[in-house]
Trainee: 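Input: one structure, supplied below.
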Amino acid sequence: MDTIFTRGPSLNIRLTLALVLSVTLIFVDHKMDGFKSTRVYLNSLMSPLQYIANLPGLMLSESAQRLTSQEQLLAENQKLNNQLLLMSEKLQQFEVIAKENAQLRELLQAPVRLASKKMVAELMAVDKNPYSQQVVINKGAIDGVYLSQPVIDDNGVVGQVMEVGSTNSRVLLIADVTHAIPVRSLRNDIRFIATGSGALNELYLEHVPHSVDIQEGDTLISSGLGKVFPEGYPVATVKQVVRDESRPFARVIATPLANLDRLRHLLLLWGAEGEPELDTDEKASKPADNEEESSDA
């Protein structure tokens, strides 16, 4: 019996045409960025579906919170009160230090760092691709989110915004293999480039000479170079330093301070004036901070 599937070109010809068309579309999208606006529209179109898919989890979480026992609530309340007391004591010290720092900057005629705008965002979805470390948050263009905007959590740097939709955005985590961030050691101010390893619990420090003073346990903070991440935010802790003289550089592995595998609430950062520090078109062509930086010996 002659069916509709046996009519027309053969299966081999169809497969060849499909492959050629796919390669052409990939080339146009990668080299010419021809589908940038289409992705934004599709992302905005999928936003309601993502909210609907996230609704059962929110309902279950709300139900579980309502069923929490009174004893657990009292214990958690006591713990939070103790933490609040400790944080208040530290805040008092920080206020004094901040005033002294401002006075010293005035004496040295150095620019004073102004407070920047911040916004809390909530995790909506996690990319299931094992070769990509990305998440989706519930803030988008209508909230002022922009490309390459830095994102942190309560422990350290999480990543930067790589795609912006109307009501949500996609964040590239610092653990992704395509991501890099300039950092410096809090102990001796030596600068490095930390790149993602593809695993949520590891970062690599690139091109570290054997003679560089770096030790296990050193804290790495954002250096502010590259004009993407503000200076001074915690990034990672050095986990392992292997100096093999048969290799041109030392192998340095660091552990991110942010809880990349347990993200829920995130913080979006703006520049000092509440605007992107770089031009949006320029940032769109640089989804990751890959500026090369030489290490200090």
Side-chain angles (χ1 to χ4, degrees), residues 25-26 28-58 61 114-129 132-154 156-176 178-181 196 222 224 226-231 233 258-260 263-291:
L25 292 176
I26 292 174
V28 172
D29 183 40
H30 180 67
K31 297 295 185 181
M32 305 178 183
D33 203 10
F35 298 98
K36 177 182 176 182
S37 58
T38 304
R39 284 199 301 270
V40 174
Y41 292 138
L42 290 177
N43 191 12
S44 301
L45 184 63
M46 292 296 294
S47 297
L49 297 179
Q50 290 176 332
Y51 279 99
I52 294 174
N54 202 33
L55 185 61
L58 293 177
S61 178
L114 301 177
S116 60
K117 175 184 174 183
K118 304 175 182 65
M119 179 182 294
V120 177
E122 188 172 351
L123 187 72
M124 290 184 59
V126 178
D127 197 337
K128 298 184 181 298
N129 186 352
S132 178
Q133 303 294 347
Q134 302 176 17
V135 297
V136 179
I137 59 176
N138 64 342
K139 300 297 181 182
I142 60 176
D143 303 295
V145 179
Y146 58 90
L147 289 176
S148 294
Q149 183 172 8
V151 182
I152 66 173
D153 69 354
D154 55 342
V157 175
V158 170
Q160 59 179 295
V161 176
M162 64 173 298
E163 290 183 9
V164 180
S166 299
T167 57
N168 59 17
S169 302
R170 185 173 292 270
V171 177
L172 183 69
L173 303 183
I174 59 174
D176 191 273
T178 63
H179 192 279
I181 173 174
S222 56
K227 298 182 180 180
V228 173
F229 294 95
E231 180 184 0
Y233 284 93
N259 296 321
L260 300 181
L263 295 175
R264 183 177 179 184
H265 294 96
L266 304 172
L267 194 64
L268 295 163
L269 303 179
W270 273 259
E273 301 298 330
E275 298 293 339
E277 295 183 5
L278 291 180
D279 183 72
T280 304
D281 294 335
E282 180 181 352
K283 284 181 174 290
S285 63
K286 292 183 178 181
D289 189 356
N290 292 323
E291 179 178 341

Trainee: With side-chain contact (heavy atoms from CB on, under 4.5 Å) as the test, pick out the partner of Ser169 among Leu147, Ile137, Val151, Leu268.
Mentor: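 When Leu147, Ile137, Val151, Leu268 are each tested with Ser169, the side-chain contact (heavy atoms from CB on, under 4.5 Å) holds only for Ile137.
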Trainee: Side chains of Val158 and Leu260: does their closest heavy-atom pair fall under 4.5 Å?
Mentor: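 Yes - at least one pair of side-chain heavy atoms lies under 4.5 Å apart.
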Trainee: Give me the one residue out of Thr178, Ile174, Leu173 that meets side-chain contact (heavy atoms from CB on, under 4.5 Å) with Gln133.
Mentor: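 For Gln133, the side-chain contact (heavy atoms from CB on, under 4.5 Å) test succeeds with only one of Thr178, Ile174, Leu173, which is Leu173.
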Trainee: Can a donor-acceptor pair be found, under 3.5 Å and without considering hydrogens, that links the side chain of Asn138 to the backbone of Glu122?
Mentor: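 Checking the backbone N and O of Glu122 against the side chain of Asn138, a donor-acceptor pair under 3.5 Å is found.
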Trainee: With Asp143, which residues qualify under salt bridge (charged side-chain N to carboxylate O under 4.0 Å, His left out), at least two apart?
Mentor: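 Per chain and number, Asp143 pairs via salt bridge (charged side-chain N to carboxylate O under 4.0 Å, His left out) with no residue.
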Trainee: What are the two closest heavy atoms between Val145 and Trp270, and how far apart are they?
Mentor: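 Result for this residue pair: N-CZ2, 4.2 Å.
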Trainee: Measuring only between side-chain heavy atoms, which start at C-beta, is Asp127 closer than 4.5 Å to Arg170?
Mentor: yes
Trainee: Can you name the nearest heavy-atom pair linking Pro56 to Ile52, along with the distance?
Mentor: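 In terms of heavy atoms, the two residues are closest at CD-O, 3.2 Å.
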Trainee: Show the nearest heavy-atom pair for residues Val228 and Ser148, with the distance to one decimal.
Mentor: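 Of all heavy-atom pairs spanning Val228 and Ser148, the closest is CG1-O, 3.4 Å.
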Trainee: Looking at Leu263 and Asn259, what are the two nearest heavy atoms and their distance?
Mentor: CD2-O, 3.1 Å
Trainee: Going from CD on Gln160 to CG on Asp176, what distance comes out if it is rounded to the nearest 0.5 angstrom?
Mentor: 10.5 Å
Trainee: For the atom pair CG (Asp154) and NE2 (His265), what is the distance rounded to the nearest 0.5 Å?
Mentor: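 The CG atom of Asp154 sits 11.0 Å away from the NE2 atom of His265.
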Trainee: To check you understand the geometry: which heavy-atom pair defines the closest contact between Pro150 and Phe229, and what is its length?
Mentor: CB-CD2, 3.8 Å
Trainee: Would you name the heavy atoms of Lys139 and Val120 that are closest together and state the gap between them?
Mentor: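 It is CE-O, 3.2 Å.
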